[in-house]
Each structure stands twice: as C-alpha cells, then as structure tokens.
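Computed from heavy atoms alone, side chains included, the values below leave out hydrogens, waters and symmetry copies.
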Amino acid sequence: MVHPAIKESRQGIHRKQPTLDVCVSVSEPLLTEAELSTCIIMKVTVETAYSLPDTWTLPSGSAHSPFAYFAALEVPLTAEHDQVLMFSEGHLKPGGQREGKCRRKRRPLQTLLVPGNQFLPGSFCQPEPIDHEDGELTGLEDQPFRDEAEITKNRVSWDTEIRCFLDSSGASRLKEKITESRLWPVELMRTLVPLSRLGDENPEIPFHGLAFVDMGRLLYPGVSRIRGAYTVHPFYESELLNKQSVLPSKATISDETPESGFEPETKVNVEGNMYLEARTYVIIEMSLNRPLVPKPSPEELARRVKALIPPKPKRPAGPSRAEKAVVDFHTQVGNAVAAVSEQFAELFGANSELQESLSKEQILAEVMGGLNVSGRYFTFKEQIKLAVVKIVRDKMQRSKPLTDPQEVKEFVSKLYVYLVDEMHVALNKIYSSDVAEDCTDGIKLESSQLRHFAKEAQLTSNYQQAVQYYQELVVRHPDEPLYKFEWGSLYMLIGDYMKAKECYHDAVSTQQTHQPSLMMCGVVAVLFERYNEALTFLERATSLEPPSVEAWTLMGLLHLSLNEAFLPERAFLEAKKILGEEEANRAHADDNTEEVKAQQDEHETDNPAPPPMAEHDPEFPDHDMEESGETSSHSDRSATPTKLTSSIFTQTVKFLLQNNALQMAEYALTQELLGSKGGCSVPYYYSLAQFQLLKGDYSSAIDNLKEALFYNSQNPDAWALKGHCHYLQGAFTEARESYEWSMVFPEPPSDTNIVLLRLGAIYILEEKFMQAKEVFLQACEQSPSCLTWLGLGKACYRLGELCVAEEAVAVATLLNSANAEVWAYLSLISLKSGRLEEGDEYYKNAISFDLQDSSLIEEISEAKHQTRMSKLASCFNASAQAQVEIV
C-alpha cells in the first residue's frame with residue numbers, strides 16, 4: 001500500500017512542467033545584407049585532452065576531481081579589440097572506452113545557465129579519421145598511440161563551444177593576424193585556486209601548458225573549418241615569441257622584481273614538462289560561417305576559361321531524317337541498277353551475236369523476264385517501295401492519308417516528278433566521269449598507326465615528318481583534342497612555344513574540359529609570364545574529375561614562384577592526398593598479385609639471369625663483391641634505397657618531361673630536392689637524368705643514372721635511358737650493353753620500340769647482321785613501322801637474303817613512301833638482282849627525297865658500276881659464243 005503523500009509526489013514528478021514561449025522582434029534588421037556578407041561568425045570548440053600526465057588521477061571513492069581545468073585563447077573581434085575565450089569547465093574522466101560519437105556541444109559558463117540548458121541545439125562533436133584531420137599526430141605511425149590514449153587512458157573533457165561575432169574590420173584583422181603568425185597559442189592549466197586568485201601567492205601557474213593551432217589553413221581558398229589534435233608543450237615565454245600570455249603568468253609580476261645587472265635565470269617548467277613525457281594532446285575545432293578566402297566555383301572557372309579560349313562552334317550534326325531518306329533512295333536506285341546490270345550480263349554477256357539480232361524492245365522484254373524469274377525485280381521493288389515511303393514521310397512530311405481525290409492527284413504528280421529528279425541524280429553519281437573513285441593501291445593507315453609513327457618520328461628527331469603525321473590526325477579527327485595536345489608537345493620539344501600555345505589552345509577550344517591541355521596551357525602561360533591566365537587554367541584543371549596530382553602540384557609551383565603565402569602548401573597537400581588515394585587504390589587492386597611478384601623479384605635479385613646478348617653487367621657486375629671490396633664513393637653508403645616511392649614532384653616532372661616543359665620541370669625537380677629527407681630518391685635521379693638528356697647534357701645524365709642503378713639495378717627504363725645517352729654521344733658499345741640489359745627483365749622498358757630500333761642499328765654498324773635481323777623482327781611484330789621494316793630489310797640485304805629484304809623494304813614504302821633511305825635500299829636490292837633500270841628509278845626517287853647518306857650513295861654507284869660491267873661481260877660472252885658456233 002503506497003502512502004498518498006508518496007503517490008502525490010510521484011505524480012508531481014511526471015506532471016508536465018510549465019513553459020514560456022518568448023518571441024523577440026525588431027523593427028529593422030540589426031545588420032544589412034551588405035554588412036552581413038562581410039562579417040564572420042567564428043565558433044571555437046575545445047573537445048578533449050588525451051594522454052594526460054600520470055599524476056592526473058581521480059581520487060578514490062570520489063566521482064569528481066577537486067581540480068579545475070582551463071583552456072584559453074585570444075581572438076580578434078574588431079579592428080582594435082581582442083577577446084579572451086575561456087573554457088573553464090573541464091572534467092577529468094576515467095578511461096575504458098572511446099568518447100561517444102555525436103556528443104552534444106555545451107555552452108560556456110554553465111554554472112550561470114538554467115539546469116538542462118547547457119547544450120547547444122543542433123551542435124555536435126563530429127569525430128573523423130585522423131588522416132582527415134588538420135592538426136598533428138595524423139600519420140599511420142601515430143594511430144596505435146592515439147587509439148590507446150583515446151580508449152584506455154584518462155582524459156579531460158570540455159566539449160564546449162564559444163561563438164564570436166567578428167565585424168568586417170574584425171574579419172580583416174583575423175586574416176592579418178593569421179598572415180603574421182599562423183600558429184595561435186592555446187593555453188591549458190590545472191589548479192585548485194580560483195582563476196581570479198592565480199599569481200597572488202605563487203607566480204607560477206600549475207601545469208601550465210601551451211598548444212599551437214595552425215590557423216594558416218583557414219586562409220586556403222574555400223576552407224572554413226579546421227579540426228585536429230595539437231600537442232601540448234610546457235609554457236615558456238620564449239615559446240610565445242614575445243606575445244603576452246592570455247592567462248596570468250610571470251609577465252604579470254615582472255615589474256615587481258628588483259632590477260639587477262643580470263638577466264633572471266630561466267626556470268624549468270617541471271609540471272609543464274610532464275605534458276611532453278605523457279605526449280598530451282588536445283582536440284580543438286575552429287569553424288567560420290564563410291571562408292576567409294572564397295573559392296571560385298567550377299562554373300566560374302569554366303566561364304573564365306571560356307573568356308580566354310572561346311569554344312569552337314559545334315560541328316553540324318549528322319544528316320537529318322529527310323536527308324537520310326534521300327540518301328537511302330539513291331542507294332536503292334544504285335542497287336536496282338546493279339541488279340539490272342547483273343541480269344543483262346547473265347543473258348547477253350557471253351553472247352554478243354544474240355544481242356545484235358534483237359531489237360531494243362526485245363532486249364527489254366528478255367531482261368524484264370529474267371528479272372521476274374530470278375526474283376531480282378521483286379527484291380529491288382520492295383526496297384525502293386520502302387525508300388519511297390521514307391521520302392513521303394520524312395522529306396515531304398506526309399503522315400496522314402489524303403481523302404480529297406484532287407489532292408491525291410496533285411500529290412502523286414509532285415511525288416513522281418521529285419522521284420524522277422532524284423533518280424537522275426543517283427544515276428549521274430553512278431555513271432558520271434567526274435566522280436573519282438578510290439582505286440589507289442596504297443594501304444589506309446589507321447589513326448593508331450599514324451600516332452605511333454608521329455611519336456617514332458619525334459624520338460628519331462624527324463620533326464617535320466612528325467608534324468605531317470599530326471596534321472593528318474587532326475584533319476581526320478577535328479573533334480579529338482588528344483592529337484592537338486600531342487602536337488603541341490612536339491612544338492615544345494622543338495622550342496617553338498608560340499605554335500605549342502596555339503595547339504594547346506586549339507585543344508581546349510575543341511574540348512573545354514581536356515585536363516592535360518589545360519595544364520599545359522597554364523605551363524605555357526607561365527613561360528610568357530601571363531600568371532593570371534596560368535592560374536585560371538590550372539584552377540580549372542584542378543576542378544575537373546578525376547582529381548589530378550599533376551594539376552594541383554603545378555598550381556602549387558605557380559603560387560610558390562609568385563611568393564604567395566599559404567596557397568602553395570594548400571595545393572601540395574591536395575596533391576599528396578590524391579597521390580595517397582591513388583597508391584592505396586593500386587595497392588588494393590594489386591593485393592592478390594603483389595606477393596607472387598615480390599617472390600619473383602626476390603628470386604631474380606638473388607640469382608640474376610645474364611642477358612642473352614651481354615656477357616656481364618658493365619656497371620654492376622657483382623653487388624656483393626662491390627660492397628666488400630670496392631673503395632669508390634659508394635663504399636660509405638647504405639645499399640638500401642633511401643626512398644623508392646614517387647612523390648608529387650617526381651610524378652609531375654614525369655608529366656612535364658613527357659610534354660617537354662623543361663623550365664617548369666627544372667623547378668619541380670628543385671622542390672623535390674629541397675624536400676627530400678635522408679637523401680635523394682631513385683625516381684629523382686631518374687627524372688633528373690631524363691631532364692638532362694632533353695637538355696643535351698648526356699654525361700651528367702649518365703652519372704645520375706649510375707646513382708639510380710646503384711640502388712635499383714632491376715629498372716629497365718633506367719638501363720634504356722642510359723643506352724639513349726650513350727647512343728646520342730656516339731658511344732655505341734656502351735649503348736649496346738645498356739640496351740641489352742634493358743631487354744633482359746620480365747617487364748620490358750616503356751619505350752621498347754626506340755630501344756629495338758637503336759639496338760638493331762648498332763648491330764648493323766658492328767656487322768652483327770643476324771642479331772640485327774632478330775631485333776628488327778621483334779620490332780616488326782610488336783610495333784611495325786617504316787623504320788622497323790626498313791631495318792629488317794637492311795639486315796636481310798647484308799645477309800644476302802635479297803628476296804626477304806625486298807619484301808621488307810616494299811612494306812616500308814607502303815608505310816612511308818617519302819623515306820629516301822627506303823628507296824635507296826630498293827635501288828641496291830634491284831641492282832644486286834641485276835635490274836639496272838629499276839635500280840636507276842629507285843635511286844632517282846631516293847635523290848628526289850633528299851638522300852643525305854654519302855656512304856649509301858657511294859655504295860649505290862658501285863653497285864651500278866658492277867651491274868653494268870656484269871651485263872657487258874655477259875654480252876661479250878654471248879657474242880663470242882655465237883661467233884664460235886658460226887665458225
């Protein structure tokens with residue numbers, strides 16, 4: 001039985017509490033729209049401090065700590081005044097589990113609030129992965145430490161948000177203060193004394209710590225929020241760089257100390273040092289209602305690019321339905337003519353006497369009878385009937401039946417006249433002598449072949465031929481920006497930057513979102529010192545999908561060259577983030593094959609297979625022997641590579657060197673060198689060697705390739721590049737050895753075609769014709785071209801295989817009939833075969849295409865002389881034999 005008083009008390013607890021709705025209204029807005037657009041609402045949240053000093057423990061048997069925990073920082077409000085933000089209600093909490101997600105944020109000064117009103121409506125602490133944070137301790141190596149600290153150890157929780165209103169002058173001053181000093185101090189402390197009495201008896205503040213929040217990220221375009229973990233350091237005046245402390249400190253009592261000729265001894269902050277020993281850190285968030293630096297939208301960037309490079313007008317669409325109907329009718333007329341011609345050939349083709357004995361009317365009757373019997377008449381009649389239906393429906397726009405006989409008569413008459421006229425047009429197309437038919441015997445080259453030939457001509461320094469190939473590609477595909485982009489890269493190699501600019505701009509006008517062309521437009525704009533245009537192009541490139549490491553890095557390099565604050569690091573951070581995601585995706589995709597590949601690489605490293613065409617490694621014969629017995633400059637270095645993964649700079653250098661942008665590539669290499677830690681990386685040495693090769697500094701390139709190969713001798717591209725350097729120097733023996741090593745590995749070099757061409761050419765110079773034949777056969781199988789077939793023809797000619805040589809060189813003429821050397825070898829083969837007249841004709845063709853090889857010209861002259869002498873000798877022999885027979 002429940003006592004009535006207790007029952008009434010319980011009912012009172014559950015009874016609805018009285019509420020009061022308060023409505024506040026003003027006659028006019030406190031701020032105009034213009035003023036609001038320049039003001040800022042700043043929110044500062046101090047969440048939790050983790051990994052506390054060991055002495056910070058909860059007393060046994062007590063739920064609360066007797067200490068008070070404070071955090072404070074100073075922010076500008078107006079042009080003249082600052083505001084101290086004091087977070088004074090931290091709670092020491094035991095570990096055992098991670099802080100809950102979506103915790104509600106509290107208001108400051110909670111003791112002054114009505115119970116239950118301490119939480120901010122709609123405001124929550126949002127945890128995020130540490131690699132997305134903006135502060136410190138964000139590396140993978142920090143993950144275990146942070147997991148342990150945030151789960152098992154005690155922590156101090158504030159979860160308090162303070163909001164500040166900054167007028168336009170305060171917002172401007174906020175930007176100025178961040179520009180002057182990007183690291184803003186946040187002070188922490190623990191004390192038993194009330195805050196107002198600190199310093200009265202003891203000038204030292206207990207557990208006085210200092211965390212520095214990097215506010216520079218708020219000056220990144222479009223960034224309005226930062227959140228991260230910030231390490232707590234012991235408080236020292238020197239740490240503030242003469243900035244006054246927010247909390248009371250020794251500076252407040254410095255005037256009371258007597259003057260002396262000696263500077264006061266710097267005291268050690270013993271309690272503050274406990275923060276370092278415990279690796280204490282605090283989670284802080286700062287957010288603004290709008291970014292301090294606005295970020296242009298993709299639409300705005302597209303508009304800017306469009307203003308600089310107007311898009312080309314759209315090409316007319318394909319034929320309309322009416323035009324298709326007319327074309328279809330012409331086709332069916334042609335089919336009918338073909339059917340009648342076939343029937344006539346069957347009846348009278350082999351019997352001309354029968355045709356001459358019949359009249360035209362009889363011939364027509366015979367043909368019509370044959371058409372009916374064979375079924376041809378029914379076939380083309382039905383096809384033409386369908387074509388006429390399309391003419392009526394699509395061309396004459398008649399879809400409903402006509403009911404008036406007079407309208408039917410007029411329409412049929414009009415249709416008949418139109419069909420007769422179009423029939424005459426179709427017949428004229430068939431029988432007119434003005435229509436040129438494609439009856440050439442030459443082969444039609446595919447666009448992929450033309451592109452390959454253009455790249456091959458570029459690599460062999462035949463720039464005029466490469467230009468012709470790109471011209472043909474652009475004519476064939478006027479709406480494809482890729483060929484215009486690659487054409488521009490050819491002009492970059494030649495050094496004609498104005499034509500390169502035209503090509504890149506043409507590519508962008510064709511497709512406004514072609515990312516590589518936009519990047520190269522920016523690079524070329526930098527060459528012409530048009531930095532605003534360059535920034536527009538690069539910003540547009542960064543706004544496109546997929547995100548590009550090269551675009552962000554190039555934009556960072558541009559900002560860096562202009563000495564702009566904060567913007568370079570923002571661009572580089574974005575580039576690193578994208579590169580990390582790409583590497584993670586590749587690692588995930590290759591997860592199943594990586595272990596097998598690693599085992600193969602390990603086996604090959606332990607037991608390197610000798611190349612089939614080289615007896616020994618010319619540079620690194622035995623790494624174990626080299627490490628033990630060599631006394632060169634490598635002896636004092638570790639055999640372990642310093643860094644094998646690519647960076648944003650080396651990846652960007654690769655893009656720039658592929659497009660022959662040497663000036664920007666040199667700047668990117670400089671930044672890679674400045675940012676390298678623990679020595680240069682293998683990709684850096686390789687990229688630097690590529691750059692030096694394009695600059696013509698072959699000796700320096702070889703030296704850097706030796707460095708790269710010292711750390712990774714299994715890199716086929718490095719061996720191939722080393723071979724190119726020796727080849728261009730004229731050191732063909734060293735080039736051959738490098739090329740042979742590049743072809744040993746399971747994965748061939750990326751530029752296999754040029755490696756095979758040059759290796760085969762060296763074998764011919766060394767008179768190793770059988771090996772040259774094998775190399776050129778491999779080249780013809782992998783990527784056939786005029787040069788590969790010509791090389792095969794050369795090797796076979798030197799081996800005396802004239803028939804095979806002639807076939808190979810004949811294929812080369814089909815692929816490029818303007819190559820003088822091809823005609824020269826055709827002349828040699830013909831002369832060796834005794835065909836003097838053909839040899840003379842081919843030699844004339846070679847001369848007309850500007851044959852420059854003097855040794856080849858001399859060889860042709862000797863072959864002509866020998867052929868003439870052999871013919872004269874055969875004539876004398878024949879004459880002498882005839883005289884003998886007469887006698």
Under the 3.5 angstrom rule, does the side chain of N819 hit a backbone N or O of V822 as a donor-acceptor pair? yes

Relative to each other, are the rings of H505 and F537 parallel, tilted or perpendicular (30° and 60° limits)? perpendicular

Any Lys/Arg nitrogen of K654 or E550 sitting under 4.0 Å from an Asp/Glu carboxylate oxygen of the other? no

Say whether, by atom type as modelled, one donor and one acceptor occur between the side chain of S413 and the main chain of K409 under 3.5 angstrom. no

Specify the closest pair of heavy atoms between L473 and S447, including all atoms of both residues, with the distance to one decimal. CD2-O, 3.5 Å

Tell me, do L450 and E446 make a side-chain contact under 4.5 Å, heavy atoms counted? no

Donor-acceptor pair, distance only, cut-off 3.5 Å: does the side chain of S509 make one with the backbone of P311? no

Does S374 use its side chain to pair, donor to acceptor, with the backbone of L371 at less than 3.5 Å? yes

Carboxylate-amine/guanidinium proximity below 4.0 Å for K390 and D328: yes

Do the side chain of E456 and the main chain of H452 share a donor and acceptor less than 3.5 angstrom apart? no

Out of curiosity, L656 CG to T652 OG1, how far, rounded to the nearest 0.5 Å? 6.5 Å

Tell me whether K312 is salt-bridged to D479, with the criterion being a basic N under 4.0 Å from an acidic carboxylate O. no

In terms of heavy-atom contacts, E480 and T510 come closest through N-CG2, 4.2 Å

Is the ring centre of H514 less than 6.0 Å from the ring centre of Y504? no

Option among L386, V327, I384 that satisfies the side-chain contact (heavy atoms from CB on, under 4.5 Å) test with Q332: I384

Run the salt bridge (Lys or Arg N to Asp or Glu O under 4.0 Å) check on E346 and R376 step by step: do they pass? CA-CA 13 Å; E346 289 179 5; R376 289 190 178 99; 2.7 Å; yes

Charged N-O contact under 4.0 Å between K455 and E486: yes

Under 3.5 Å, side chain of T752 to main-chain N/O of P748, donor-acceptor pair present? no

Measure the shortest side-chain to side-chain distance between W823 and I847 over non-hydrogen atoms and say whether it is less than 4.5 angstrom. no

Roughly how far, to the nearest 0.5 Å, is the CG atom of L757 from the CG atom of L790? 9.5 Å

Atom pair CD/OG of E837 and S830 - distance to nearest 0.5 Å: 11.5 Å

Separation between CH2 of W789 and CD of E807, rounded to the nearest 0.5 Å: 9.0 Å

Is the backbone of P784 close enough, under 3.5 Å, to the side chain of T788 for a donor and an acceptor to pair up by distance? no

Determine, for K414 against E410, whether the closest basic-nitrogen to carboxylate-oxygen distance falls under 4.0 angstrom. no

Can a donor-acceptor pair be found between the side chains of N462 and T460 at a distance below 3.5 Å? no

Using every non-hydrogen atom in the two residues, find where Q658 and S489 come nearest and quote the distance to one decimal. O-CB, 4.5 Å

Taking side chain as C-beta onward, heavy atoms only, is L527 less than 4.5 Å from M492? yes

Main-chain N/O of L493 paired with Q458 side-chain donor or acceptor, under 3.5 Å: no

Exercise: identify the closest heavy-atom pair between C786 and L815: N-CD1, 3.6 Å

Q852 and D850 side chains, donor-acceptor separation under 3.5 Å: yes

K773 and E801 ion-paired at < 4.0 Å: yes

Could you check whether R835 pairs with E841 (Lys NZ or Arg NE/NH1/NH2 to Asp/Glu carboxylate O, under 4.0 Å)? no

Checking E300 against R304 for the salt bridge (Lys or Arg N to Asp or Glu O under 4.0 Å) test, could you report, in this order, the C-alpha distance in whole Å, the side-chain angles of both residues, the deciding distance, and whether it holds? CA-CA 6 Å; E300 171 63 18; R304 294 181 190 175; 3.1 Å; yes

So do Y797 and Y825 actually touch side chain to side chain, heavy atoms under 4.5 Å? yes

Write down the atom of R540, the atom of S543, and the distance for their closest heavy-atom approach. O-OG, 2.7 Å

Quick one, F528 and M498 - any side-chain contact, counting heavy atoms below 4.5 Å? yes

Does a side-chain heavy-atom distance below 4.5 Å link F453 with Q465? no

CG (L802) and CD (E806) are apart, to the nearest 0.5 Å, by 8.0 Å

Could you check whether E472 pairs with R476 (Lys NZ or Arg NE/NH1/NH2 to Asp/Glu carboxylate O, under 4.0 Å)? yes

So, does N659 use its side chain to make a donor-acceptor pair with the main chain of A661 at under 3.5 Å? no

Testing the basics here: between F776 and L756, what is the closest heavy-atom pair and its distance to 0.1 Å? CE2-O, 4.4 Å

Evaluate the criterion salt bridge (Lys or Arg N to Asp or Glu O under 4.0 Å) for residue pair K429 and E422; output intermediate values, then yes/no. CA-CA 11 Å; K429 287 182 179 180; E422 291 298 328; over 6 Å; no

Contact check, side chains of E539 and P296, non-hydrogen atoms, under 4.5 Å: yes

Can you confirm whether L787 sits close enough to N753 that some side-chain heavy atom of one is under 4.5 Å from a side-chain heavy atom of the other? no

Run the salt bridge (Lys or Arg N to Asp or Glu O under 4.0 Å) test on K499 and E502 for me, step by step, so that the C-alpha distance in whole Å, both residues' side-chain angles and the decisive distance to 0.1 Å come before the verdict. CA-CA 5 Å; K499 287 188 177 179; E502 292 175 2; over 6 Å; no

